[in-house]
Amino acid sequence: MKFRFILRRLLVTVPMVLVVITLTWALIRLAPGNFYASERKLPPAIEKNIRAKYGLDRPWYVQYGHVMRNILSLDFGNSLKYENETVNDILRRTLPVSAAVGTCAYLLALLVGTVLGTVAALKQNSKLDYGAMGVSMLGISVPNFVLGPILVLVFSLSLYWLPPARWDGFPSWSMVLPVLTLSAIYMAYIARLTRAGMLEVLRSDYIRTARAKGLTERQVVLRHALRGGLLPVVSFTGPALALLITGTVVVERIYALPGLGTYFINANLNRDEPLILGIVAFTSVLVLVFNLLVDIAYGFIDPRIRY
Amino acid sequence: MTESKTARLLTLALSAALLLAACGPPVQKSDYFGKVEPPPGQTLRYITGSEPESLDPQMSSGQPEARLDIALYEGLVEYHPKTMEPIPGVAESWKVNSNASEFVFFLRKNARFSNGDPITARDFVYTFRRGLDPALASRVAFLAWEIKNAEAYNTGGSFVRDPKTGRFVLASEAAESGGAAGQAAGPVSGEDAAPDTEFHRRMHEPDRLFVPTDEKEREKALKADPKLAALVEGKELVPATAEDVGVEAVDDYTFRITLRQPAPYFMGLVAHQFFRVVHQPTVEKYGVNWTKPGNIVSSGTHMLAEHKPYNQLVVVKNPYYWDADKVRLDKIVFYPLDDQTTMMNLYKAGEVDATYNHTVPASWLRAGVRYARDYMDAPENGSVYWQVNTTAPPLDDKRVRKAFALAIDRQALEEFRVVSKANNVFVPTGILHGYPSPKGYDFDVEGAKKLLADAGYKDGAGKFDPKKFPANSIEVIYNTSESNRQVAEFVQAQWKQNLGLTIPLRAIEWKTFVQTRAKLEYKGFAGGAGWSGDYMDPYTYLGLFATEGGDNGTGWFQTKFVDMLNAANREPDQAKRYEQLSKAEAYLLDECPVIPLSKPATSWMKKPYVKGMYPNPATLHAWKFVYIEHDPAKWDQSMPDMTNDQIAEAKE
Amino acid sequence: MSDERTPQVPTEEGRSQEPWGAGSPALTPRGTPQRPPVAARSGAEIHAFPETAVGEGDVRTAGESAAPARGTSLWRDAWKRLLKNRLAVFGMFVVGFIAVAVIIGPAIIKALTGFTYDYIPAGNTVSYPPFTAPDGSFSWTHPMGTDAAGRDMLARVLQGGRISLMVGVISTFVSLIIGVTWGATAGYLGGKIDDLLMRIVDVLYAIPYMMIVIVLLAFLGRNLSPLGQIFLLFAALGAVSWLTMARIVRGQVISLKNQEYVLAARATGVSTPKIIFRHIVPNALGPVIVYATLTIPSVMLQEAFLSFLGLGVQAPYASWGSLAQEGIQNIAVFPWQLIFPGVTMALTLFSLNFLGDGLRDALDPQMRKF
């Protein structure tokens with residue numbers, strides 16, 4: 001049953017990515033501007049040369065067919081903006097950066113967030129609860145484009161402890177500030193979702209059964225409550241992880257990191273079609289797989305769920 | 001009350017944290033900004049601007065690329081570090097003929113590529129032809145269109161030949177009377193600096209007519225112009241080839257460029273990266289990947305060691321460079337960054353030694369950075385202006401356009417912006433020596449109101465009445481950026497205060513902005529990026545309205561104006577030529593397709609220990625002159641003196 | 001406080017939430033048009049803890065099927081419980097205060113000092129700190145100082161608040177409506193429909209949002225009035241933030257749909273929409289409200305990003321997001337340009353959040369047991 005479910009979901013991924021790519025391609029073509037437009041209006045003859053070079057003068061269905069062939073062969077071709085780089089090169093190079101920062105940030109957030117959330121739920125309406133929620137609220141109310149520069153100001157420009165920007169590889173000191181900045185908001189989200197989920201679960205019947213059976217509070221929380229209480233966190237994790245890896249845009253910008261997010265935003269702004277499509281195809285697979293994992297995790301965490 | 005106390009405490013803590021963070025070290029006047037600690041050895045860490053699109057000099061057009069290309073490639077000439085005038089590069093010397101239509105370069109014999117291959121005139125012929133190759137599709141190829149037959153080759157044109165007589169149809173035959181192409185005087189014969197050749201004689205023939213080789217396009221062109229169609233009828237077409245382009249290797253060390261018409265500004269253009277020499281075998285071997293580390297063979301002072309896009313690009317000294325003894329920097333690390341705050345942070349923390357132009361946020365300047373001793377503030381070869389859509393009412397009336405131009409207090413804008421100076425004409429004043437600027441738009445509210453009243457927006461008494469003016473039917477579009485927004489808000493406030501008109505503002509993302517402007521889909525004004533000159537000559541600005549279809553996003557294009565420019569370019573006497581160009585500019589200002597606002601200052605930072613790097617008008621640095629001075633006694637105490645053209649030299 | 005030891009005494013009001021409890025636990029097979037079959041385990045659980053069911057059966061009167069009465073009591077009860085939560089009341093007070101301030105504040109400032117959000121004084125070259133006159137002495141003129149163009153920060157913060165609050169509340173509401181409907185439908189119906197609905201969500205996730213906005217603007221934005229622009233902004237913000245909401249709701253619904261009371265409701269023939277929106281959604285409200293309070297800050301900040309693309313509030317108007325973005329650039333030199341919009345925004349979000357928590361607790365039918 002479970003196996004068939006997973007197989008079905010994996011199979012459906014392929015047509016879905018094609019749908020995503022088609023829609024994205026259509027959007028790029030509908031969007032005003034093109035990759036070569038700049039301050040100076042180009043003479044029409046020069047524009048014609050460029051369009052001929054990149055096959056933009058061919059009928060749309062030929063170009064679309066070309067895109068689809070590229071996607072299916074997993075070779076997205078060269079970037080338009082950075083001519084001598086293939087999209088695959090860019091993905092290979094930038095993904096580790098984003099993934100390193102994103103994963104570290106998420107692990108940190110998960111650790112701190114679940115602890116804060118669980119404690120807050122167990123001690124609902126206590127000072128501890130308010131304190132934990134207050135801290136987590138800070139993470140939400142202070143946007144990362146504000147938090148980042150403040151951290152830089154304190155740790156780099158006043159104390160001279162950490163570099164204010166740039167990437168020195170993994171692991172390195174240059175990761176610290178980006179990870180802290182990025183994790184703040186996720187920590188806040190997770191803490192709050194955990195608290196809400198835990199409150200819900202702590203009142204449910206099976207926890208009462210567990211307690212009635214005479215299990216210690218520790219056992220009740222760790223073995224039974226946490227499983228159900230983390231449900232909202234789990235459903236948040238799928239999209240959040242995918243977004244973390246691609247969506248570290250602001251943090252990458254503040255710290256000038258050569259990550260996927262930077263490329264993606266610039267690709268959109270530059271109308272760099274192969275690069276946009278490559279990143280979109282990659283991230284949509286990522287989102288789909290993560291969501292699938294989340295759904296599987298659901299089944300493990302909450303035995304009531306059937307497929 | 002514990003709960004709300006907690007909340008209050010948290011709020012307090014938040015504000016305290018912010019305050020604490022905010023009260024960093026204050027900016028000190030008359031001091032250096034941030035850490036001053038030279039890196040060991042001769043390594044320069046420099047911020048270049050956004051990630052370079054390409055390291056191929058013929059493919060890139062921007063300044064970030066130019067800064068790298070100067071290190072990697074050398075041209076016939078190099079930019080003087082202070083004045084931007086051409087100084088010897090691969091060419092030891094050069095001769096220009098009397099009407100500035102033919103240039104002969106004498107190459108030095110010891111110039112080499114980074115693999116040891118000698119650089120000869122043939123390499124330049126290859127480089128020039130390559131840049132113009134339609135298959136390469138370079139965006140900046142039009143820079144070379146003044147070279148004889150270059151446009152025909154680059155645009156895929158064919159010459160028209162009579163099959164019976166073998167005679168080519170000339171451009172002058174097809175031109176409208178008085179048209180630009182018709183009167184173009186060719187190069188002067190008989191004053192050759194290099195031996196005459198058959199190719200040379202061919203280059204001195206009158207300009208040939210060319211039509212698109214592509215059938216569909218040709219039909220379209222012929223349909224639109226019956227006179228042209230008649231000329232082409234029954235003739236055979238000869239496609240223009242690379243060999244037709246007016247560049248010639250007279251011998252291994254003599255290189256000759258012939259233009260189709262006089263262009264006195266051309267010498268100022270030759271140092272542009274488009275004309276910097278590339279290594280033919282490498283380009284042909286690796287194709288699009290030839291600039292990758294490991295493949296690339298360069299010709300400049302430095303060679304590529306490492307390229308991590310969006311992170312860093314490292315070049316090291318090129319041992320084969322002809323002047324390698326003089327090159328001081330062993331290594332330059334370029335950081336591709338374009339976020340002002342990020343780079344200022346890096347600069348302050350002492351992680352970089354210098355930044356590119358326009359890098360200091362206006363607010364930092366206001367807060368005192370402009371008094372810092374390492375702040376470089378020199379005039380730039382650039383102009384900031386707004387374009388006007390001259391095709392849609394009410395701005396299709398030039399009186400209305402001028403009224404808006406007059407109702408801006410540019411002096412106040414200068415005080416507000418700090419990073420730019422008032423400029424009431426199109427070509428920036430005070431940067432091109434000897435160019436007499438015409439009378440510009442002085443701040444004149446009464447004059448503006450009178451013009452608007454004349455245009456029909458008046459009450460019964462004949463006075464200007466803001467209510468009559470359809471202010472809501474026009475708007476100001478600008479591409480999103482902090483500085484554009486500030487300027488737009490300021491000008492909006494000026495018009496509101498001076499004319500009583502509130503023109504709505506709209507920010508748009510860059511590519512949409514460019515398209516909206518190019519297609520004239522905006523109503524009113526386009527406040528954009530302005531223009532940085534490609535070379536030190538008024539023509540780099542005025543010529544924006546002269547190229548084919550070049551209305552520069554305003555819908556204003558007049559052959560009368562183009563003729564004025566061409567006439568000026570045929571004038572051999574520089575002073576007279578400038579006078580004529582100035583008249584053309586006056587005409588442009590009277591037509592008012594653009595509203596000039598300001599001229600930018602270069603505005604960048606350089607640590608005092610970086611020597612030989614000057615705030616020149618384009619912020620392009622010939623790296624061979626730059627070095628790190630480890631002796632604090634010799635550090636720059638302030639912005640280097642720009643009134644002479646002496647270059648600092650390191651003592652061994 | 002250890003809640004689990006609190007004696008579980010039913011409070012005075014009945015559990016109006018569980019309408020199936022009215023003494024008819026008979027699981028008649030007729031009104032069950034949908035799968036899945038009733039799980040045996042669930043049935044066992046019903047008997048394992050009978051007190052919930054029995055308790056309310058007793059309280060409920062014969063006329064309890066009258067929906068309006070039940071509805072009012074639910075909300076009235078919630079309101080009462082909300083008022084007991086001091087933190088929530090505090091939050092409500094602050095949000096209310098700020099809402100009033102941003103609505104009438106700009107007019108008052110204009111009357112008192114003559115400053116508006118867009119008034120640029122002539123000849124200004126510096127940004128003044130709070131309570132400082134141009135000559136450096138103390139002055140009440142600009143209690144929050146001025147911005148880079150010399151505009152009164154207080155007026156700008158208040159005006160920005162109008163935009164940000166409107167954006168936050170309306171867009172979140174939009175996302176709430178779409179997300180809850182979508183997610184609950186998918187989660188409850190399950191099977192192919194669930195698959196389809198969630199795959200649509202996945203696809204929408206994957207399409208680059210920036211491109212959507214750019215195209216949206218190109219086709220709709222050009223000739224839009226300022227008001228139209230704002231509505232486009234709400235639509236664009238709501239359109240993206242409902243996706244996560246839908247996933248969260250779906251997850252909740254899936255875990256709830258096999259619970260006893262739902263099975264029972266289904267068994268008694270209650271229609272599917274009614275089961276979803278009357279029985280399941282109210283019980284899933286906890287995480288939904290929490291997520292909604294999390295959505296408000298995120299849309300407020302997204303608004304600043306969208307204005308970069310050209311969608312949304314245009315200069316010289318401001319929003320808290322855009323003010324903070326401006327301020328952060330100048331934090332090292334003019335900190336007040338960040339502190340005032342930043343703190344106001346943080347305070348509002350804090351309060352909104354306390355309010356949201358209180359609301360969650362108040363709306364949660366099981367709360368009263370603790």
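Keep in mind that this is a model prediction, so the values were computed, not measured. Residue numbers start from 1 in every chain, and the chains themselves are labelled A, B, ... in the order their sequence lines are given, proteins ahead of strands. Atom set for the values below is all heavy atoms of this structure, side chains included, hydrogens, waters and symmetry mates excluded.
By the 4.5 Å heavy-atom criterion applied to side chains, B:W386 and B:Y478 are not counted as neighbours.
The residue among B:T155, B:N311, B:V514 with the most heavy atom pairs within less than 4.5 Å of chain A is B:N311. When each of B:V140, B:N289, B:N345 is scored by its heavy-atom pairs under 4.5 Å with chain A, the top score falls to B:N345. Between chain B and the options A:A52, A:G33, A:A31, heavy-atom pairs under 4.5 Å are most frequent for A:G33. Most heavy-atom pairs under 4.5 Å with chain A: of the set B:L55, B:T341, B:D338, this distinction falls to B:D338.
No hydrogens or angles considered: nothing links the side chains of B:T291 and B:D56 as a donor-acceptor pair under 3.5 Å. With 3.5 Å as the limit, one finds a donor-acceptor pair spanning the side chains of A:Y255 and A:T181. Side chains of A:Y54 and A:E83: a donor on one and an acceptor on the other come within 3.5 Å. Remark: the A:N266 side chain and the B:Y310 side chain contain an N/O donor-acceptor pair separated by less than 3.5 Å. B:R45 and B:Q312 share no donor-acceptor pair across their side chains, judged by distance under 3.5 Å alone.
Contacts between B:P52 and chain A at a heavy-atom distance below 4.5 Å involve the backbone alone (N, CA, C, O). Neither the backbone nor the side chain of B:D133 comes within less than 4.5 Å of any heavy atom in chain A. Using a 4.5 Å cut-off between heavy atoms, A:I254 contacts chain B through its backbone alone, with no side-chain atom that close. Of the two parts of B:E217, only the side chain, counted from C-beta on, holds a non-hydrogen atom closer than 4.5 Å to a non-hydrogen atom of chain A. Only the backbone of B:A135 comes within contact range of chain A, judged by heavy atoms closer than 4.5 Å. Looking at A:D129, neither its backbone nor its side chain comes within 4.5 Å of chain B, counting heavy atoms on both sides. Only the backbone of A:F35 comes within contact range of chain B, with at least one heavy atom under 4.5 Å from a heavy atom of that chain. Only the side chain of B:Y335 comes within contact range of chain A, with at least one heavy atom under 4.5 Å from a heavy atom of that chain. In this structure, chain A has a heavy atom under 4.5 Å from the side chain of B:L337, while its backbone stays farther away. Residue B:D214: no heavy atom, backbone or side chain, is found under 4.5 Å from chain A. Heavy-atom distances place the side chain of A:K48, and not its backbone, under 4.5 Å from chain B. Looking at B:S61, there are no atoms closer than 4.5 Å to chain A (heavy atoms on both sides), in backbone or side chain. Both the backbone and the side chain of B:E53 come within less than 4.5 Å of a heavy atom of chain A. Residue B:M59 touches chain A through its side chain alone, counting heavy-atom pairs closer than 4.5 Å. Both the backbone and the side chain of A:R253 come within contact range of chain B, each with at least one heavy atom under 4.5 Å from a heavy atom of that chain.
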Applying side chain to side chain contact (heavy atoms under 4.5 Å, CB included) to A:W167 and A:V101, what does each step give before you reach the verdict?
CA-CA 11 Å; A:W167 177 249; A:V101 175; 3.8 Å; yes
Given A:D89 and B:K292, is the side chain to side chain contact (heavy atoms under 4.5 Å, CB included) satisfied, shown in steps?
CA-CA 13 Å; A:D89 280 346; B:K292 288 206 167 157; 3.7 Å; yes
Dump the intermediate steps for salt bridge (Lys or Arg N to Asp or Glu O under 4.0 Å) on A:R29 and A:E273, then the final yes or no.
CA-CA 9 Å; A:R29 289 306 168 95; A:E273 188 181 296; 2.8 Å; yes
B:W364 vs B:F33, side chain to side chain contact (heavy atoms under 4.5 Å, CB included): CA-CA, chis, key distance, verdict:
CA-CA 11 Å; B:W364 294 48; B:F33 183 63; 3.3 Å; yes
Show your reasoning for whether side chain to side chain contact (heavy atoms under 4.5 Å, CB included) applies to B:W145 and A:I46.
CA-CA 11 Å; B:W145 278 7; A:I46 298 248; 3.6 Å; yes
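Relative orientation of the A:Y263 and A:Y82 rings is perpendicular, given thresholds of 30° and 60° on the angle between their planes.
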